[in-house]
Enquirer: 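I'd like to ask some things about the structure below.
A note on names: the letters A, B, ... follow the listed sequences, proteins ahead of strands, and every chain is numbered from 1.
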Number of protein chains: 2
Amino acid sequence: MSIQRPKTITAQVTEILGQRIRDGVYPANSRIPSESELAEDLQVSRTTVRNALAKFAADGLLIRKQGDGTYVSSQASGIDQRYGGQWDFSRVIEGNGFKPSIQMLDRQQRTATADEAEQLNIEAGQPLWTVDRLFYADDFPAIYVTNILPIAYFHNKQAIPDGTLHIHDLLDSVCGQTVGYATTDIEAVQWSDIPRVFKQDRRERPMLKLTEVFYNRDNLPLALGISFYDDARLRLRLIRS
Amino acid sequence: MSIQRPKTITAQVTEILGQRIRDGVYPANSRIPSESELAEDLQVSRTTVRNALAKFAADGLLIRKQGDGTYVSSQASGIDQRYGGQWDFSRVIEGNGFKPSIQMLDRQQRTATADEAEQLNIEAGQPLWTVDRLFYADDFPAIYVTNILPIAYFHNKQAIPDGTLHIHDLLDSVCGQTVGYATTDIEAVQWSDIPRVFKQDRRERPMLKLTEVFYNRDNLPLALGISFYDDARLRLRLIRS
DNA sequence: TAGTGGTCTAGACCACGAG
DNA sequence: TCGTGGTCTAGACCACTAA
């Protein structure tokens, strides 16, 4: 694989280095070539290499040591869910060693409650779409997600949200909006507040509830995501440096 | 305030810009001066300004718009716990609008269980210190933290860990080790597994349990942190871009 | 079209760590 | 001491947005 100019160079370098780490060209705990060597090898500036390396270091995949070199973290093989990029539940499930699959449960139009209206910065009673999905880890229900999208932002008010898309892509396709950032509130919820799907094979354990608000770059809340996360089956792990 | 060379320039620029945001020199939702203007103003290169701005953008404090400018996020006033830096519970409590205080509950020497030994990559039965602390939000117990430190890494085996320090500073002072990165696992725990201190003023609600592992830059686990977090009183919020 | 942020370069000097 | 990563510069060109 070689560098091609059309796409952003840093992205290409990131991809190449990511492949080398995943493929074991740079094995765990080994020292990778120096920044200067990589820059020479890939025919880009050292700054560009550094920017690519910085992303991996921030995710904990690479450990950088001044005066020594850059090492592949032993965490690299874990493929834990990294924090910083999109929170992709399918990847989270994969990272925990399960085969992910998605089931669309429900999709309906209704009006916003007072609570939802406040979080979305709209008026109560405004129409919105809700999309309910269930993520399976192998054959077990693992994450139940409800996404809530105000119809006011839809380009085509008649459009029906695609239940197979990631929320970012869904907002892009139906509203033409790009998610700039998102907030996630994490709570523990007790048995009585848990969706029925989870009540079959679990003892009366609490679950995690994630409440996400997706904003565009103008600081406007675009959508909500309310997820019930089976922390008994899936580890919810954050890494920070 | 002016730039001084001895400390890292980016850090100084970051500090200055942070103050201006906090102090309202750059009010929420307003556009801040362009990168070039800031570079000229502070007598540093545009690259340096960009690095400083990038940190705020990653934390969601600033919103950058190509072709337009850089805006202060309305989230800025919330002072929510940002993700990426240290997870400082006192700051979390402040950010939720309470006055934080810390009580040292217990400090003892014992040997590692099999479970602890595995997480710390040591052998079971090795001696370690445990430090139990309780963080109050106003007058209510809000976070219960147990830190576990293997004595093997202590410079002075007789040293007694200081119960007032942040875990990062504690490790620095007692082991001479710097924390390179940390992982946090988040779970929901049921009533029966919750520390007694919380059982007085709560209904039988579950809580959040955070299990942190602190690593040095050589990928060696230095310490554990096990926290019970009252999500009914304190919002646990992550922001990502 | 002018000005913004986004990307990239080539070079410099420094702080640090291993040998 | 030598090579590493860490920091910083001055400049370039591009993509995008608002006026």
Side-chain angles (χ1 to χ4, degrees), chain A residues 3-17 26 29-58 61-73 176-178 180-181 216-220 241, chain B residues 3-17 26 29-58 61-73 176-178 180-181 216-220 241:
Chain A
I3 301 294
Q4 295 168 9
R5 293 283 144 175
K7 300 308 168 77
T8 128
I9 300 180
T10 304
Q12 295 178 62
V13 173
T14 303
E15 194 179 342
I16 292 175
L17 296 178
Y26 302 146
N29 298 311
S30 70
R31 188 169 73 175
I32 74 173
S34 75
E35 298 176 350
S36 311
E37 285 171 349
L38 287 171
E40 170 72 15
D41 174 21
L42 301 171
Q43 283 296 296
V44 298
S45 77
R46 187 180 151 217
T47 309
T48 304
V49 172
R50 279 186 62 78
N51 286 336
L53 293 176
K55 291 178 185 168
F56 292 112
L61 270 163
L62 293 177
I63 313 286
R64 324 200 68 197
K65 301 187 199 176
Q66 183 174 151
D68 185 356
T70 301
Y71 291 80
V72 180
S73 164
Q177 295 272 359
T178 307
Y181 65 99
N216 68 7
R217 283 176 298 193
D218 293 325
N219 225 19
L220 181 73
S241 354
Chain B
I3 301 294
Q4 295 168 10
R5 293 283 146 176
K7 299 309 168 81
T8 127
I9 299 179
T10 304
Q12 294 179 62
V13 173
T14 303
E15 194 179 343
I16 291 174
L17 296 178
Y26 303 147
N29 297 312
S30 70
R31 187 169 74 173
I32 74 172
S34 73
E35 299 176 348
S36 311
E37 285 171 349
L38 287 171
E40 171 72 14
D41 174 21
L42 300 171
Q43 284 295 296
V44 299
S45 78
R46 188 181 151 217
T47 309
T48 304
V49 171
R50 279 185 62 77
N51 285 335
L53 292 176
K55 291 178 185 169
F56 292 111
L61 272 164
L62 293 177
I63 314 286
R64 324 201 67 198
K65 301 187 198 176
Q66 181 174 154
D68 185 355
T70 300
Y71 292 79
V72 180
S73 163
Q177 294 273 359
T178 307
Y181 66 100
N216 68 6
R217 284 176 298 195
D218 293 325
N219 223 22
L220 181 72
S241 348

Enquirer: Show the distances under 3.5 angstrom between N or O atoms of the protein and N or O atoms of nucleotides 12-16 of chain C.
Expert:
| unit_1 | atom_1 | unit_2 | atom_2 | d |
| --- | --- | --- | --- | --- |
| C/dA12 | N6 | A/R46 | NH1 | 3.3 |
| C/dA15 | N3 | A/Q66 | OE1 | 2.9 |
| C/dC16 | O4' | A/Q66 | OE1 | 3.2 |

Enquirer: Rounded off to whole Å, could you give me the CZ-to-P distance for the B/F56 and C/dG5 pair?
Expert: 15 Å
Enquirer: Quickly work out the B/L53 CG to C/dT7 C1' distance and round it to whole Å.
Expert: 16 Å
Enquirer: Under 4.0 Å, counting only non-hydrogen atoms across every strand here, what does A/T47 touch: a base, just sugar-phosphate, or nothing?
Expert: base
Enquirer: Does the side chain of A/L38 come within less than 4.5 Å of A/I32's, by heavy atoms?
Expert: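 Yes; the side chains approach each other to less than 4.5 Å.
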Enquirer: CD1 of B/I9 versus P of D/dA10: gap in Å, rounded?
Expert: 10 Å
Enquirer: Find out whether A/V72 and A/L62 are in side-chain contact, i.e. whether some heavy atom of one side chain is under 4.5 Å from a heavy atom of the other.
Expert: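 A side-chain contact under 4.5 Å exists here.
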Enquirer: Does B/R50 make a side-chain N or O approach to OP1 or OP2 of C/dG6 shorter than 4.0 Å?
Expert: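 So the side-chain polar atoms of B/R50 do come within 4.0 Å of the phosphate oxygens OP1 or OP2 of C/dG6, strictly under.
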Enquirer: I want to verify a distance call: between D/dT7, C/dA10, C/dG5, whose nearest atom is closest to the B/R64 side chain?
Expert: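 Minimum distance to the B/R64 side chain belongs to C/dG5.
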Enquirer: If the cut-off is 4.0 Å, is B/T48 near the phosphate of D/dT9, judged by side-chain N/O to OP1 or OP2?
Expert: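 B/T48 to D/dT9 OP1/OP2: side-chain N or O found under 4.0 Å.
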Enquirer: As an exercise, state the distance from CG of A/L42 to CG of A/L17, rounded to the nearest 0.5 Å.
Expert: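 A/L42 CG to A/L17 CG: 6.5 Å, rounded to 0.5 Å.
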Enquirer: How far apart are the closest heavy atoms of B/K55 and B/T10, and which atoms are they?
Expert: NZ-CG2, 4.0 Å
Enquirer: Any base atoms under 4.0 Å from B/T10, or only sugar-phosphate, or nothing? Heavy atoms, all strands.
Expert: sugar-phosphate
Enquirer: Measure CG/A/L62 against P/D/dG5 and give the value in whole Å, please.
Expert: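 Distance, rounded to whole Å: 11 Å.
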Enquirer: Nearest whole Å is fine: how far is C/dT9 C1' from A/E35 CD?
Expert: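 Rounded to whole Å, this separation is 15 Å.
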Enquirer: Please identify each residue that fulfils side chain to side chain contact (heavy atoms under 4.5 Å, CB included) with B/N29, with sequence neighbours left out.
Expert: A/N219, B/S74
Enquirer: Looking only at the side chain of A/S34 (C-beta and beyond, no hydrogens), which of the listed nucleotides D/dC8, D/dG5, C/dC8 gets closest?
Expert: D/dG5
Enquirer: Tell me the interatomic distance from B/Y71, atom OH, to D/dC16, atom C1', rounded to whole angstroms.
Expert: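 Result: 13 Å.
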Enquirer: Below 4.0 angstrom from OP1 or OP2 of C/dC8, is there any side-chain N or O of A/T8?
Expert: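 Yes, A/T8 has a side-chain N/O under 4.0 Å of OP1/OP2 on C/dC8.
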Enquirer: Would a 4.5 Å heavy-atom cut-off, applied to side chains only, mark B/T14 and B/F56 as touching?
Expert: yes
Enquirer: So B/T70, base contact, sugar-phosphate only, or nothing? Heavy-atom distance under 4.0 Å.
Expert: sugar-phosphate
Enquirer: Output the rounded distance in Å from CG (B/N51) to P (D/dT9).
Expert: 10 Å
Enquirer: Taking the side chain as every heavy atom from C-beta outward, state whether A/Q12 and A/V44 have any atom pair closer than 4.5 Å.
Expert: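 Heavy-atom side-chain distance check fails, nothing below 4.5 Å.
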Enquirer: Return the value, rounded to whole Å, for the distance between atom CZ of A/R31 and atom C1' of C/dG19.
Expert: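 Checked: the CZ to C1' distance equals 12 Å.
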